[in-house]
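Data block below; observations after.
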Amino acid sequence: MRIVVIGGGQAAASAIRRLRQLGYDGDILLVSREPFPPYERPPLSKSHLAIGAANEPKMIFPEDFWEENAVDLRLSEEVQSIDVETNSVLVGTKKISFDHLILATGASPRKFPDQMTKGLNGTHQLRNVADANRLRSQLNPGRSLVLVGGGFIGMELAATARQLGLTVTVIERDERILNRVASTQLSNIIRQWHLENDVTLIEGQETTGFLGTKNVTGVQLSNGAEVCADLVVLGIGVIPDCALANAAGLQVDNGVLVDDYGSTNRSGIWAAGDCASFSFEGRMVRLENVQNAIDQAENVAENILGANKKYTPTPTFWSNQYDHIVQIVGLYQPGMITVCRQSSGRLSFWHYSYNNLKAVEVIDDPKTFAIARRLLTDGRSPAPELVADDDRILKEFLRSA
Ligand code: NAP
(Lines give C-alpha, C1' and ligand atoms only; values in the text may rest on other atoms or scores of the structure.)
Protein backbone atom coordinates (compact mmCIF):
# COMPACT_ATOMS: atom_id res chain seq x y z
CA MET A 1 0.00 0.00 0.00
CA ARG A 2 1.16 3.57 -0.67
CA ILE A 3 -0.03 6.69 1.12
CA VAL A 4 0.79 10.04 -0.46
CA VAL A 5 0.67 13.17 1.68
CA ILE A 6 0.57 16.58 0.00
CA GLY A 7 1.80 19.48 2.13
CA GLY A 8 4.70 20.05 4.48
CA GLY A 9 3.09 21.48 7.60
CA GLN A 10 1.88 20.28 10.96
CA ALA A 11 -1.02 18.24 9.58
CA ALA A 12 1.21 16.32 7.18
CA ALA A 13 3.74 15.59 9.92
CA SER A 14 1.10 14.48 12.42
CA ALA A 15 -0.65 12.15 9.97
CA ILE A 16 2.62 10.42 9.12
CA ARG A 17 3.71 10.02 12.73
CA ARG A 18 0.35 8.47 13.62
CA LEU A 19 0.42 6.08 10.68
CA ARG A 20 3.78 4.72 11.81
CA GLN A 21 2.79 4.70 15.49
CA LEU A 22 -0.12 2.49 14.56
CA GLY A 23 2.16 0.07 12.80
CA TYR A 24 1.50 0.96 9.18
CA ASP A 25 4.56 -0.33 7.34
CA GLY A 26 3.68 0.45 3.73
CA ASP A 27 5.08 3.28 1.60
CA ILE A 28 4.66 6.90 2.62
CA LEU A 29 5.49 9.71 0.24
CA LEU A 30 5.43 13.32 1.38
CA VAL A 31 5.46 16.06 -1.26
CA SER A 32 6.11 19.59 -0.03
CA ARG A 33 7.00 22.85 -1.76
CA GLU A 34 9.03 23.80 1.31
CA PRO A 35 12.78 23.24 1.27
CA PHE A 36 12.61 21.96 4.87
CA PRO A 37 10.82 19.01 6.43
CA PRO A 38 7.73 20.10 8.40
CA TYR A 39 8.64 22.82 10.91
CA GLU A 40 6.96 24.78 13.67
CA ARG A 41 5.11 27.86 12.42
CA PRO A 42 4.02 29.53 15.69
CA PRO A 43 7.55 30.90 16.38
CA LEU A 44 7.64 32.65 13.00
CA SER A 45 5.80 35.73 14.31
CA LYS A 46 7.70 35.71 17.60
CA SER A 47 11.03 34.12 18.57
CA HIS A 48 12.12 33.52 14.97
CA LEU A 49 12.16 37.29 14.46
CA ALA A 50 14.39 37.97 17.47
CA ILE A 51 17.85 39.39 16.90
CA GLY A 52 20.32 36.58 16.42
CA ALA A 53 17.73 33.85 15.83
CA ALA A 54 18.73 31.14 13.36
CA ASN A 55 17.54 31.25 9.75
CA GLU A 56 16.50 27.62 9.96
CA PRO A 57 13.10 26.98 11.51
CA LYS A 58 12.52 24.72 14.50
CA MET A 59 11.67 21.29 13.14
CA ILE A 60 8.60 19.38 14.30
CA PHE A 61 10.55 16.12 14.44
CA PRO A 62 14.27 15.38 14.90
CA GLU A 63 16.25 15.21 11.67
CA ASP A 64 16.47 11.38 11.67
CA PHE A 65 12.69 10.89 12.07
CA TRP A 66 12.09 10.79 8.32
CA GLU A 67 14.72 8.19 7.53
CA GLU A 68 13.95 6.10 10.59
CA ASN A 69 10.29 6.06 9.58
CA ALA A 70 11.05 5.33 5.94
CA VAL A 71 9.29 8.41 4.62
CA ASP A 72 10.06 9.29 1.01
CA LEU A 73 10.49 13.02 1.52
CA ARG A 74 10.10 15.07 -1.66
CA LEU A 75 11.02 18.60 -0.64
CA SER A 76 10.90 21.66 -2.92
CA GLU A 77 8.62 19.63 -5.13
CA GLU A 78 5.04 20.14 -6.14
CA VAL A 79 2.09 17.98 -7.02
CA GLN A 80 0.81 19.25 -10.36
CA SER A 81 -2.44 17.35 -10.40
CA ILE A 82 -4.48 14.57 -8.86
CA ASP A 83 -6.10 11.98 -11.08
CA VAL A 84 -9.07 10.56 -9.19
CA GLU A 85 -9.80 7.97 -11.89
CA THR A 86 -6.39 6.28 -11.68
CA ASN A 87 -5.67 7.26 -8.05
CA SER A 88 -2.41 8.94 -8.92
CA VAL A 89 -0.66 12.27 -8.56
CA LEU A 90 1.63 14.00 -11.00
CA VAL A 91 4.87 15.14 -9.31
CA GLY A 92 7.04 16.96 -11.83
CA THR A 93 6.76 14.65 -14.83
CA LYS A 94 6.26 11.48 -12.78
CA LYS A 95 2.94 9.83 -12.20
CA ILE A 96 2.78 8.26 -8.74
CA SER A 97 -0.08 6.02 -7.75
CA PHE A 98 -1.59 5.93 -4.28
CA ASP A 99 -3.98 3.84 -2.25
CA HIS A 100 -4.72 6.77 0.01
CA LEU A 101 -4.05 10.45 -0.45
CA ILE A 102 -3.99 13.02 2.35
CA LEU A 103 -4.46 16.66 1.37
CA ALA A 104 -2.67 18.74 3.98
CA THR A 105 -2.14 21.69 1.69
CA GLY A 106 -2.80 24.39 4.31
CA ALA A 107 -3.67 27.94 3.41
CA SER A 108 -2.04 30.99 1.84
CA PRO A 109 -2.09 34.59 2.99
CA ARG A 110 -4.86 36.70 1.47
CA LYS A 111 -3.44 39.44 -0.72
CA PHE A 112 -4.50 42.83 -1.94
CA PRO A 113 -4.77 43.15 -5.74
CA ASP A 114 -1.46 43.86 -7.51
CA GLN A 115 -2.73 47.21 -8.79
CA MET A 116 -3.13 48.25 -5.17
CA THR A 117 0.25 47.09 -3.78
CA LYS A 118 1.96 48.08 -7.07
CA GLY A 119 4.86 45.69 -6.45
CA LEU A 120 6.33 48.12 -3.91
CA ASN A 121 9.37 46.95 -1.96
CA GLY A 122 8.78 46.69 1.74
CA THR A 123 5.37 45.02 1.60
CA HIS A 124 5.45 41.68 3.40
CA GLN A 125 3.30 38.76 4.36
CA LEU A 126 4.08 36.03 6.88
CA ARG A 127 3.32 32.38 6.38
CA ASN A 128 6.55 30.47 5.97
CA VAL A 129 10.14 30.66 7.13
CA ALA A 130 11.29 32.41 3.94
CA ASP A 131 8.72 35.17 4.63
CA ALA A 132 9.93 35.37 8.24
CA ASN A 133 13.60 35.63 7.25
CA ARG A 134 12.82 38.37 4.73
CA LEU A 135 10.83 40.25 7.32
CA ARG A 136 13.43 39.87 10.06
CA SER A 137 16.08 41.54 7.93
CA GLN A 138 13.83 44.62 7.84
CA LEU A 139 12.85 44.83 11.49
CA ASN A 140 15.39 47.40 12.59
CA PRO A 141 14.91 49.64 15.63
CA GLY A 142 13.47 53.06 14.84
CA ARG A 143 11.76 52.00 11.62
CA SER A 144 8.03 52.37 11.30
CA LEU A 145 5.95 49.29 10.67
CA VAL A 146 2.33 49.29 9.58
CA LEU A 147 0.43 46.07 10.11
CA VAL A 148 -2.67 45.78 7.99
CA GLY A 149 -5.07 43.44 9.77
CA GLY A 150 -5.70 43.14 13.48
CA GLY A 151 -5.89 39.33 13.66
CA PHE A 152 -3.39 37.17 15.51
CA ILE A 153 -0.64 37.73 12.92
CA GLY A 154 -1.06 41.50 13.26
CA MET A 155 -1.20 41.53 17.05
CA GLU A 156 1.64 39.07 17.61
CA LEU A 157 3.83 40.93 15.14
CA ALA A 158 2.95 44.24 16.79
CA ALA A 159 4.22 42.91 20.13
CA THR A 160 7.37 41.45 18.57
CA ALA A 161 8.15 44.60 16.60
CA ARG A 162 7.67 46.86 19.64
CA GLN A 163 10.09 44.68 21.57
CA LEU A 164 12.55 45.12 18.70
CA GLY A 165 12.20 48.90 18.94
CA LEU A 166 10.08 49.70 15.88
CA THR A 167 7.23 52.19 15.79
CA VAL A 168 4.07 50.20 15.16
CA THR A 169 0.60 50.97 13.79
CA VAL A 170 -2.09 48.33 13.35
CA ILE A 171 -4.94 49.00 10.92
CA GLU A 172 -8.06 46.88 11.25
CA ARG A 173 -11.05 47.32 9.00
CA ASP A 174 -13.49 45.84 11.52
CA GLU A 175 -14.74 47.90 14.42
CA ARG A 176 -12.33 46.07 16.67
CA ILE A 177 -9.17 43.99 16.53
CA LEU A 178 -9.52 40.18 16.70
CA ASN A 179 -13.17 40.41 15.75
CA ARG A 180 -13.16 37.06 13.95
CA VAL A 181 -11.37 35.09 16.63
CA ALA A 182 -11.97 36.57 20.09
CA SER A 183 -14.70 38.09 22.22
CA THR A 184 -15.01 41.83 22.74
CA GLN A 185 -13.88 41.36 26.34
CA LEU A 186 -10.66 39.62 25.33
CA SER A 187 -9.88 42.00 22.49
CA ASN A 188 -10.35 44.95 24.88
CA ILE A 189 -7.68 43.51 27.14
CA ILE A 190 -5.30 42.78 24.30
CA ARG A 191 -5.91 46.29 22.94
CA GLN A 192 -4.89 47.67 26.33
CA TRP A 193 -1.60 45.73 26.32
CA HIS A 194 -0.75 47.19 22.94
CA LEU A 195 -1.71 50.74 23.90
CA GLU A 196 0.46 50.45 27.01
CA ASN A 197 3.30 49.45 24.69
CA ASP A 198 2.76 52.50 22.46
CA VAL A 199 1.25 50.68 19.52
CA THR A 200 -1.11 52.90 17.52
CA LEU A 201 -4.36 51.07 16.80
CA ILE A 202 -6.65 52.26 14.05
CA GLU A 203 -9.88 50.27 14.00
CA GLY A 204 -12.82 50.55 11.63
CA GLN A 205 -10.67 51.76 8.71
CA GLU A 206 -10.17 49.97 5.42
CA THR A 207 -6.75 50.20 3.80
CA THR A 208 -7.46 51.66 0.37
CA GLY A 209 -4.00 52.18 -1.11
CA PHE A 210 -0.26 51.94 -0.73
CA LEU A 211 2.01 54.97 -1.01
CA GLY A 212 5.43 55.12 -2.63
CA THR A 213 7.03 54.71 -6.04
CA LYS A 214 9.69 52.01 -5.57
CA ASN A 215 9.64 51.43 -1.82
CA VAL A 216 6.49 51.57 0.24
CA THR A 217 6.26 54.80 2.24
CA GLY A 218 2.85 54.37 3.79
CA VAL A 219 -0.76 53.39 3.40
CA GLN A 220 -3.92 55.28 2.71
CA LEU A 221 -7.09 54.72 4.69
CA SER A 222 -10.75 54.89 3.75
CA ASN A 223 -11.18 58.16 5.69
CA GLY A 224 -8.50 59.72 3.47
CA ALA A 225 -5.80 59.67 6.17
CA GLU A 226 -2.29 58.52 5.32
CA VAL A 227 -0.06 56.56 7.68
CA CYS A 228 3.69 56.64 7.02
CA ALA A 229 5.60 53.36 6.99
CA ASP A 230 9.05 52.03 6.21
CA LEU A 231 7.56 48.60 5.86
CA VAL A 232 4.09 47.07 5.77
CA VAL A 233 2.98 43.57 6.71
CA LEU A 234 -0.35 42.23 5.55
CA GLY A 235 -2.05 39.95 8.05
CA ILE A 236 -5.48 39.99 6.50
CA GLY A 237 -6.36 36.33 6.81
CA VAL A 238 -5.75 33.23 4.76
CA ILE A 239 -7.33 31.38 1.86
CA PRO A 240 -7.36 27.57 1.99
CA ASP A 241 -5.20 25.92 -0.66
CA CYS A 242 -7.79 23.95 -2.60
CA ALA A 243 -6.61 24.39 -6.18
CA LEU A 244 -5.52 20.76 -6.61
CA ALA A 245 -8.70 19.42 -5.01
CA ASN A 246 -10.80 21.74 -7.11
CA ALA A 247 -9.10 20.77 -10.36
CA ALA A 248 -9.54 17.10 -9.46
CA GLY A 249 -13.28 17.61 -9.09
CA LEU A 250 -13.37 17.12 -5.33
CA GLN A 251 -16.01 19.07 -3.43
CA VAL A 252 -14.63 22.43 -2.35
CA ASP A 253 -16.29 25.35 -0.59
CA ASN A 254 -13.98 27.61 1.41
CA GLY A 255 -11.87 24.49 1.99
CA VAL A 256 -11.80 20.90 0.89
CA LEU A 257 -15.09 19.44 2.12
CA VAL A 258 -14.68 16.42 4.34
CA ASP A 259 -17.15 14.30 6.27
CA ASP A 260 -17.02 13.48 9.98
CA TYR A 261 -14.22 11.00 9.29
CA GLY A 262 -12.01 13.35 7.29
CA SER A 263 -12.86 11.79 3.94
CA THR A 264 -13.48 13.89 0.84
CA ASN A 265 -16.26 12.89 -1.55
CA ARG A 266 -13.78 10.43 -3.18
CA SER A 267 -13.06 7.34 -1.17
CA GLY A 268 -9.34 7.08 -0.34
CA ILE A 269 -8.79 10.85 -0.53
CA TRP A 270 -8.72 12.67 2.79
CA ALA A 271 -8.01 16.19 4.00
CA ALA A 272 -6.82 17.65 7.31
CA GLY A 273 -5.60 20.92 8.81
CA ASP A 274 -6.15 24.49 7.60
CA CYS A 275 -7.39 23.35 4.17
CA ALA A 276 -10.19 21.08 5.43
CA SER A 277 -13.76 22.28 5.91
CA PHE A 278 -16.01 20.15 8.08
CA SER A 279 -19.21 20.29 10.07
CA PHE A 280 -18.88 21.45 13.67
CA GLU A 281 -21.79 22.36 15.92
CA GLY A 282 -24.10 22.64 12.96
CA ARG A 283 -22.00 24.78 10.64
CA MET A 284 -19.09 24.30 8.28
CA VAL A 285 -15.78 25.45 9.74
CA ARG A 286 -12.10 25.38 9.04
CA LEU A 287 -10.04 25.47 12.20
CA GLU A 288 -6.85 27.39 11.56
CA ASN A 289 -4.78 26.27 14.50
CA VAL A 290 -1.99 23.86 15.32
CA GLN A 291 -4.04 21.68 17.64
CA ASN A 292 -6.58 21.04 14.90
CA ALA A 293 -3.83 20.24 12.40
CA ILE A 294 -2.51 17.60 14.81
CA ASP A 295 -5.81 16.11 15.93
CA GLN A 296 -7.57 16.07 12.58
CA ALA A 297 -4.56 14.60 10.79
CA GLU A 298 -4.16 11.88 13.44
CA ASN A 299 -7.85 11.08 13.11
CA VAL A 300 -7.45 10.72 9.34
CA ALA A 301 -4.44 8.43 9.82
CA GLU A 302 -6.46 6.25 12.18
CA ASN A 303 -9.37 6.09 9.73
CA ILE A 304 -7.09 5.14 6.85
CA LEU A 305 -6.10 2.17 8.97
CA GLY A 306 -9.73 1.29 9.57
CA ALA A 307 -10.65 2.98 12.87
CA ASN A 308 -13.87 4.47 11.49
CA LYS A 309 -13.66 7.23 14.09
CA LYS A 310 -15.56 10.51 13.92
CA TYR A 311 -13.56 13.67 14.41
CA THR A 312 -14.93 15.58 17.40
CA PRO A 313 -12.50 18.39 18.10
CA THR A 314 -12.21 20.69 21.07
CA PRO A 315 -10.95 23.81 19.25
CA THR A 316 -7.85 25.00 21.06
CA PHE A 317 -5.75 28.04 20.37
CA TRP A 318 -3.05 30.07 22.06
CA SER A 319 -1.14 33.27 21.45
CA ASN A 320 1.83 34.90 23.15
CA GLN A 321 2.02 38.67 23.16
CA TYR A 322 4.51 40.64 25.29
CA ASP A 323 4.79 38.54 28.46
CA HIS A 324 1.21 37.30 28.28
CA ILE A 325 -0.28 34.06 27.10
CA VAL A 326 -3.84 33.93 25.81
CA GLN A 327 -5.48 30.51 25.54
CA ILE A 328 -8.84 29.89 23.92
CA VAL A 329 -10.87 26.72 23.93
CA GLY A 330 -14.11 26.25 22.01
CA LEU A 331 -15.49 28.57 19.37
CA TYR A 332 -16.74 31.95 20.52
CA GLN A 333 -19.66 33.41 18.56
CA PRO A 334 -21.14 36.90 18.86
CA GLY A 335 -24.34 36.90 20.88
CA MET A 336 -23.14 34.42 23.48
CA ILE A 337 -23.64 35.29 27.15
CA THR A 338 -20.29 35.99 28.75
CA VAL A 339 -19.32 35.46 32.36
CA CYS A 340 -16.13 37.01 33.61
CA ARG A 341 -14.19 35.15 36.26
CA GLN A 342 -11.35 36.69 38.20
CA SER A 343 -9.54 34.42 40.53
CA SER A 344 -6.27 35.27 42.27
CA GLY A 345 -5.97 38.18 39.87
CA ARG A 346 -6.30 35.92 36.77
CA LEU A 347 -9.00 36.70 34.25
CA SER A 348 -11.04 34.33 32.14
CA PHE A 349 -14.17 34.75 30.01
CA TRP A 350 -16.70 31.95 29.90
CA HIS A 351 -19.10 32.07 26.96
CA TYR A 352 -22.50 30.41 27.00
CA SER A 353 -25.21 29.73 24.49
CA TYR A 354 -28.53 28.89 26.17
CA ASN A 355 -26.68 27.94 29.38
CA ASN A 356 -24.37 25.61 27.48
CA LEU A 357 -20.69 26.39 27.86
CA LYS A 358 -19.27 26.94 24.35
CA ALA A 359 -15.93 28.69 24.72
CA VAL A 360 -13.51 29.91 27.36
CA GLU A 361 -10.79 32.51 26.94
CA VAL A 362 -8.07 32.54 29.57
CA ILE A 363 -5.31 35.04 30.23
CA ASP A 364 -2.05 33.98 31.89
CA ASP A 365 -3.64 31.08 33.70
CA PRO A 366 -2.79 27.65 32.23
CA LYS A 367 -4.42 25.82 35.17
CA THR A 368 -7.81 27.40 34.54
CA PHE A 369 -7.34 26.71 30.85
CA ALA A 370 -6.70 23.02 31.47
CA ILE A 371 -9.88 22.75 33.52
CA ALA A 372 -11.94 24.66 30.95
CA ARG A 373 -10.63 22.39 28.21
CA ARG A 374 -11.54 19.29 30.18
CA LEU A 375 -15.05 20.65 30.80
CA LEU A 376 -15.62 21.42 27.14
CA THR A 377 -14.12 18.15 25.95
CA ASP A 378 -16.39 16.25 28.34
CA GLY A 379 -19.40 18.36 27.29
CA ARG A 380 -19.93 19.65 30.83
CA SER A 381 -21.46 23.05 31.56
CA PRO A 382 -21.00 24.52 35.02
CA ALA A 383 -23.78 27.02 35.73
CA PRO A 384 -22.76 30.59 34.75
CA GLU A 385 -23.53 31.96 38.22
CA LEU A 386 -21.21 29.39 39.78
CA VAL A 387 -18.40 30.21 37.36
CA ALA A 388 -18.87 33.90 38.13
CA ASP A 389 -18.38 33.20 41.84
CA ASP A 390 -14.66 33.86 42.14
CA ASP A 391 -14.44 32.12 45.48
CA ARG A 392 -15.43 28.78 44.00
CA ILE A 393 -12.62 26.43 43.25
CA LEU A 394 -12.80 25.55 39.58
CA LYS A 395 -11.79 21.93 40.07
CA GLU A 396 -15.14 21.35 41.79
CA PHE A 397 -16.80 21.68 38.41
CA LEU A 398 -14.91 18.71 37.06
CA ARG A 399 -16.51 16.56 39.70
CA SER A 400 -19.99 18.03 39.73
CA ALA A 401 -20.82 19.86 36.49
P1 NAP B 1 -7.13 36.42 10.68
O2 NAP B 1 -7.17 35.86 12.05
O3 NAP B 1 -8.16 36.01 9.71
O4 NAP B 1 -7.17 38.00 10.86
C5 NAP B 1 -7.12 38.86 9.77
C6 NAP B 1 -7.69 40.17 10.20
O7 NAP B 1 -7.44 41.13 9.20
C8 NAP B 1 -9.20 40.13 10.40
O9 NAP B 1 -9.54 40.82 11.57
C10 NAP B 1 -9.70 40.80 9.15
O11 NAP B 1 -10.93 41.45 9.31
C12 NAP B 1 -8.62 41.83 8.94
N13 NAP B 1 -8.65 42.36 7.60
C14 NAP B 1 -9.01 41.72 6.47
N15 NAP B 1 -8.90 42.55 5.42
C16 NAP B 1 -8.47 43.73 5.92
C17 NAP B 1 -8.18 44.97 5.34
N18 NAP B 1 -8.36 45.15 4.03
N19 NAP B 1 -7.77 45.98 6.12
C20 NAP B 1 -7.61 45.79 7.44
N21 NAP B 1 -7.91 44.64 8.06
C22 NAP B 1 -8.30 43.62 7.31
O23 NAP B 1 -5.75 36.10 9.99
P24 NAP B 1 -4.24 36.52 10.27
O25 NAP B 1 -4.08 37.31 11.51
O26 NAP B 1 -3.75 37.08 8.98
O27 NAP B 1 -3.55 35.13 10.52
C28 NAP B 1 -3.40 34.23 9.44
C29 NAP B 1 -3.44 32.81 9.94
O30 NAP B 1 -2.37 32.52 10.81
C31 NAP B 1 -4.71 32.49 10.69
O32 NAP B 1 -5.05 31.19 10.33
C33 NAP B 1 -4.28 32.54 12.12
O34 NAP B 1 -5.07 31.74 12.96
C35 NAP B 1 -2.87 32.01 12.01
N36 NAP B 1 -2.07 32.50 13.14
C37 NAP B 1 -2.09 31.81 14.29
C38 NAP B 1 -1.40 32.28 15.37
C39 NAP B 1 -1.41 31.51 16.63
O40 NAP B 1 -1.81 30.35 16.61
N41 NAP B 1 -1.03 32.10 17.74
C42 NAP B 1 -0.66 33.44 15.28
C43 NAP B 1 -0.65 34.12 14.10
C44 NAP B 1 -1.37 33.64 13.03
P45 NAP B 1 -12.29 40.77 8.73
O46 NAP B 1 -12.68 39.80 9.79
O47 NAP B 1 -13.20 41.91 8.57
O48 NAP B 1 -11.96 40.09 7.43
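Model, not experiment: these values are computed from the prediction.
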Problem set entry | Those residues that, when tested against Phe210, pass ring pair (Phe, Tyr, Trp, His ring centres under 6.0 Å) (two or more places apart) |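 Residues passing ring pair (Phe, Tyr, Trp, His ring centres under 6.0 Å) with Phe210: Phe112.
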
Exercise. Run the side-chain contact (heavy atoms from CB on, under 4.5 Å) check on Phe349 and Ile363 step by step: do they pass?
Worked result: CA-CA 9 Å; Phe349 302 111; Ile363 299 163; 4.2 Å; yes

Using a 6.0 Å cut-off, check whether atom [atom1] of [X] has over 12 heavy atoms from anything other than its own residue.
X: Asp64; atom1: CG; value: yes
X: Glu63; atom1: CD; value: no
X: Glu67; atom1: CD; value: no

For this session: Output, in order, the C-alpha distance, side-chain angles, deciding distance and verdict of side-chain contact (heavy atoms from CB on, under 4.5 Å) for Val129 and Tyr39.
Result: CA-CA 9 Å; Val129 68; Tyr39 56 84; 3.6 Å; yes

When rounded to the nearest 0.5 angstrom, what is the spacing between [atom1] in [X] and [atom2] in [Y]?
X: Leu347; Y: Asp390; atom1: CG; atom2: CG; result: 9.0 Å
X: Ile269; Y: Phe98; atom1: CD1; atom2: CZ; result: 4.0 Å
X: Thr312; Y: Asn299; atom1: OG1; atom2: CG; result: 7.5 Å
X: Ser183; Y: Leu178; atom1: OG; atom2: CG; result: 9.5 Å
X: Ser381; Y: Asn356; atom1: OG; atom2: CG; result: 4.5 Å
X: Met116; Y: Lys111; atom1: CE; atom2: NZ; result: 14.5 Å

Hey, does the side chain of [X] reach the backbone of [Y] with a donor-acceptor pair shorter than 3.5 angstrom?
X: Tyr322; Y: Ile325; value: no
X: Arg266; Y: Val84; value: yes
X: Asp378; Y: Arg380; value: no

Problem set entry | Worked check of salt bridge (Lys or Arg N to Asp or Glu O under 4.0 Å) between Glu288 and Arg180 | CA-CA 12 Å; Glu288 297 168 3; Arg180 190 178 71 86; 3.1 Å; yes

Distance alone, cut at 3.5 Å: any donor-acceptor contact between the side chains of [X] and [Y]?
X: Glu361; Y: Ser348; value: no
X: Thr316; Y: Trp318; value: no
X: His48; Y: Asn133; value: yes
X: His351; Y: Gln333; value: no
X: Asn128; Y: Arg41; value: no
X: Thr377; Y: Thr314; value: yes
X: Asn179; Y: Glu175; value: no
X: Thr208; Y: Gln220; value: no

Quick one: does [X]'s side chain get under 4.5 Å of [Y]'s, heavy atoms only?
X: Leu357; Y: Trp350; answer: yes
X: Ile371; Y: Leu398; answer: yes
X: Leu101; Y: Ile6; answer: yes
X: Pro57; Y: Phe36; answer: yes
X: Lys214; Y: Leu120; answer: no
X: Gln296; Y: Val258; answer: yes
X: Arg143; Y: Gln138; answer: yes
X: Leu287; Y: Phe278; answer: yes

Smallest separation among heavy atoms of [X] and [Y], with atom names:
X: Ala359; Y: Leu376; answer: CA-CD1, 4.1 Å
X: Val300; Y: Ala271; answer: CG2-O, 3.8 Å
X: Ala158; Y: Val170; answer: CB-CG2, 3.9 Å
X: Ser222; Y: Gln205; answer: OG-OE1, 2.9 Å
X: Pro37; Y: Trp66; answer: CB-NE1, 3.5 Å
X: Ser32; Y: Gly7; answer: CB-C, 4.2 Å

Would you call [X] and [Y] a salt bridge, using N to O less than 4.0 angstrom?
X: Arg191; Y: Glu196; value: no
X: Arg74; Y: Asp72; value: yes
X: Arg392; Y: Glu396; value: yes
X: Arg176; Y: Glu203; value: no
X: Lys118; Y: Asp114; value: no

Problem set entry | Ile190/Ile177 under side-chain contact (heavy atoms from CB on, under 4.5 Å): CA gap, chis, key distance, verdict | CA-CA 9 Å; Ile190 295 178; Ile177 56 165; 4.3 Å; yes

For this session: Apply salt bridge (Lys or Arg N to Asp or Glu O under 4.0 Å) to Lys58 and Glu40, showing your working.
Result: CA-CA 6 Å; Lys58 185 172 181 296; Glu40 311 252 4; 3.7 Å; yes

Problem set entry | Pair listing, side chain to side chain donor-acceptor pair (under 3.5 Å) test, anchored in residues 8-23, at least two apart |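 Only Gln10-Ser14, Arg18-Gln21, Arg18-Glu302 qualify under side chain to side chain donor-acceptor pair (under 3.5 Å).
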
Exercise. Side chain to side chain donor-acceptor pair (under 3.5 Å): which pairs involve residues 152-171, sequence neighbours left out?
Worked result: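 Listed by first then second residue: Ser45-Glu156, Lys46-Glu156, Glu156-Ser319.
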
Problem set entry | Aromatic plane relationship, Phe317 with Phe152 - under 30° parallel, 30 to 60° tilted, over 60° perpendicular |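 Tilted: the ring planes of Phe152 and Phe317 meet at 30° to 60°.
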
Exercise. Is there a side-chain contact (heavy atoms from CB on, under 4.5 Å) between Leu135 and Leu157 once you walk through the steps?
Worked result: CA-CA 11 Å; Leu135 179 59; Leu157 277 179; 4.0 Å; yes

Exercise. For the ring pair Tyr311 and Tyr261, is the centre-to-centre distance below 6.0 Å?
Worked result: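 When the ring centroids of Tyr311 and Tyr261 are compared, they turn out to be at least 6.0 Å apart.
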
When the side chains of residues 225-248 are checked against the rest of the protein, which donor-acceptor pairs come out under 3.5 Å, sequence neighbours left out?
from: Asp230; atom 1: OD2; to: Ser144; atom 2: N; distance (Å): 2.8
from: Asp230; atom 1: OD2; to: Ser144; atom 2: OG; distance (Å): 3.2
from: Asp241; atom 1: OD1; to: Ser108; atom 2: OG; distance (Å): 2.8
from: Asp241; atom 1: OD2; to: Ser108; atom 2: OG; distance (Å): 3.0

For residues 87-97, dump all side-chain donor-acceptor pairs below 3.5 Å to protein atoms at least two apart in sequence or in another chain.
from: Ser88; atom 1: OG; to: Thr86; atom 2: OG1; distance (Å): 2.7
from: Ser97; atom 1: OG; to: Arg2; atom 2: NH1; distance (Å): 3.4

For this session: Can you run down the salt bridge (Lys or Arg N to Asp or Glu O under 4.0 Å) pairs that involve residues 271-284, sequence neighbours left out, and say none if there aren't any?
Result: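 Salt bridge (Lys or Arg N to Asp or Glu O under 4.0 Å) check on residues 271-284 returns Arg127-Asp274, Glu281-Lys358.
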
